[in-house]
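Computation of the quantities below employed the complete heavy-atom set of this structure, encompassing side-chain atoms and omitting hydrogens, waters and symmetry-equivalent molecules.
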Amino acid sequence: MSKQPFYNPNLSYQDNYDLGPFGGFAGEPSSEEIAALGLPENEWITVAELRLRRSLGIPAGPLLNSKYTDTAFRWGFDLCHYKTVRSRFWPAHDAPNVLFVHTTEPLSPGEIGRTPLVAHRFGANEVVDLPTLSITNSFGMPAQQPDVWQADMVRAVHGAGPGQALVASVTGTSTPGEDDMAYIEDHARTAALCSETGAHAVEVNLSCPNLGGHGLMCHDPEASALVCKAVKG
């Protein structure tokens, strides 16, 4: 299997959406490659009422569309989270969105924000040590139009096999001049659009956009509770 990442950090987000995934991850795994991963055999666990073959999954973010979720399912990731969607189109930040960060060892909590770090684009032939790889990224939580991601999410759901599940990740989008209730209701509206696709579960992304720890919904327990109540409806 190629060590090329399935998300190409030297391309724009939209190019990755349209052309990816990349590397060996994009191909059909052989039985030998699956065996080499050392995956547990049929654990059959229950997570949030979902019956899963293995306790191995990929969170919201890297799986941009059904092409990514399909290949993740094929490689044995049994709980796949479709990238966070919105009730309207939202553009990505300009590329580059992912940079390589030079670190010689992990930073202690006291060093974070105090120690200068150097980041640059990934070189075309740059060799990285995956266990110690560090990156920084800035995407802006982009999303396609609902009619685009809904149709694609249906395809993603159908890509799940026995013991696998597709989780739809949603967030709300605020509009200048609207009150807090409109923002809360937008979360619920987006979750309802996901439910129409047949997604096995819906998660609410309350921890993004992560702007230096400011403005996160998850830091406001009362607002988070209102969002979850509206989504559950």
Side-chain angles (χ1 to χ4, degrees), residues 1-30 32-34 36-37 39 56-86 89-104 117-146 148-160 164 166-171 203 205 207-211:
M1 180 179 177
S2 168
K3 290 187 176 181
Q4 179 186 5
F6 66 89
Y7 184 98
N8 188 331
N10 289 323
L11 295 180
S12 69
Y13 173 84
Q14 191 61 47
D15 281 344
N16 273 277
Y17 183 95
D18 294 334
L19 305 175
F22 300 94
F25 186 75
E28 189 72 32
S30 66
E32 291 78 13
E33 287 175 315
I34 289 293
L37 295 176
L39 301 177
L56 183 66
I58 298 179
L63 303 180
L64 309 189
N65 53 40
S66 61
K67 293 184 295 181
Y68 286 79
T69 56
D70 281 354
T71 194
F73 284 134
R74 290 198 301 269
W75 279 91
F77 294 92
D78 294 330
L79 186 63
C80 292
H81 295 234
Y82 194 100
K83 190 211 166 295
T84 305
V85 294
R86 297 175 181 263
F89 173 77
W90 200 262
H93 291 166
D94 292 339
N97 303 111
V98 182
L99 294 176
F100 178 86
V101 177
H102 291 280
T103 58
T104 56
L117 297 173
V118 178
H120 66 71
R121 285 178 179 261
F122 284 79
N125 299 309
E126 185 162 13
V127 177
V128 297
D129 179 34
L130 293 180
T132 61
L133 174 64
S134 294
I135 65 170
T136 184
N137 68 82
S138 178
F139 287 93
M141 294 183 70
Q144 307 297 321
Q145 291 281 7
V148 173
W149 66 251
Q150 269 195 304
D152 185 66
M153 191 176 287
V154 170
R155 292 190 288 271
V157 172
H158 290 162
Q164 297 182 324
L166 191 284
V167 180
S169 177
V170 306
T171 191
E203 72 164 20
N205 188 340
S207 62
C208 289
N210 185 5
L211 304 176

Which heavy atom in [X] sits nearest to a heavy atom in [Y], and how many Å separate them?
X   : Y    : result
H93 : S138 : ND1-OG, 2.9 Å
N16 : N8   : OD1-N, 2.7 Å
K83 : Y13  : CD-OH, 3.0 Å
T69 : A156 : OG1-CB, 3.4 Å
Y82 : S66  : CE1-N, 4.0 Å
A72 : I58  : CB-CD1, 4.0 Å

Can you name the residues that form a side chain to side chain contact (heavy atoms under 4.5 Å, CB included) with [X], not counting sequence neighbours?
X    : result
Q14  : S12, Y17, D18, Q144
L99  : P96, A119, R121, T136
A151 : R155
H158 : V154

Side chain of [X], backbone of [Y]: donor and acceptor closer than 3.5 Å?
X    : Y    : answer
N97  : F139 : no
W90  : V85  : no
K67  : G20  : yes
W149 : R86  : yes

Task: S169: side chain to side chain donor-acceptor pair (under 3.5 Å) partners, not counting sequence neighbours - done: T84, E203
Point-to-point distance, once rounded to the nearest 0.5 Å, from [atom1] of [X] to [atom2] of [Y]:
X   : Y   : atom1 : atom2 : value
Y7  : L64 : OH    : CG    : 6.5 Å
T71 : L63 : OG1   : CG    : 9.5 Å
Y68 : F6  : OH    : CZ    : 7.5 Å

Open item on the list: Run V148 and F89 through side-chain contact (heavy atoms from CB on, under 4.5 Å) and show every step you take.
Closed with: CA-CA 10 Å; V148 173; F89 173 77; over 6 Å; no
TODO: Can you run down the salt bridge (Lys or Arg N to Asp or Glu O under 4.0 Å) pairs that involve residues 68-81, sequence neighbours left out, and say none if there aren't any?
DONE: E28-R74, R53-D78, R54-D78
TODO: Please work out whether the ring planes of F122 and F100 are parallel, tilted or perpendicular, with thresholds of 30° and 60°.
DONE: perpendicular
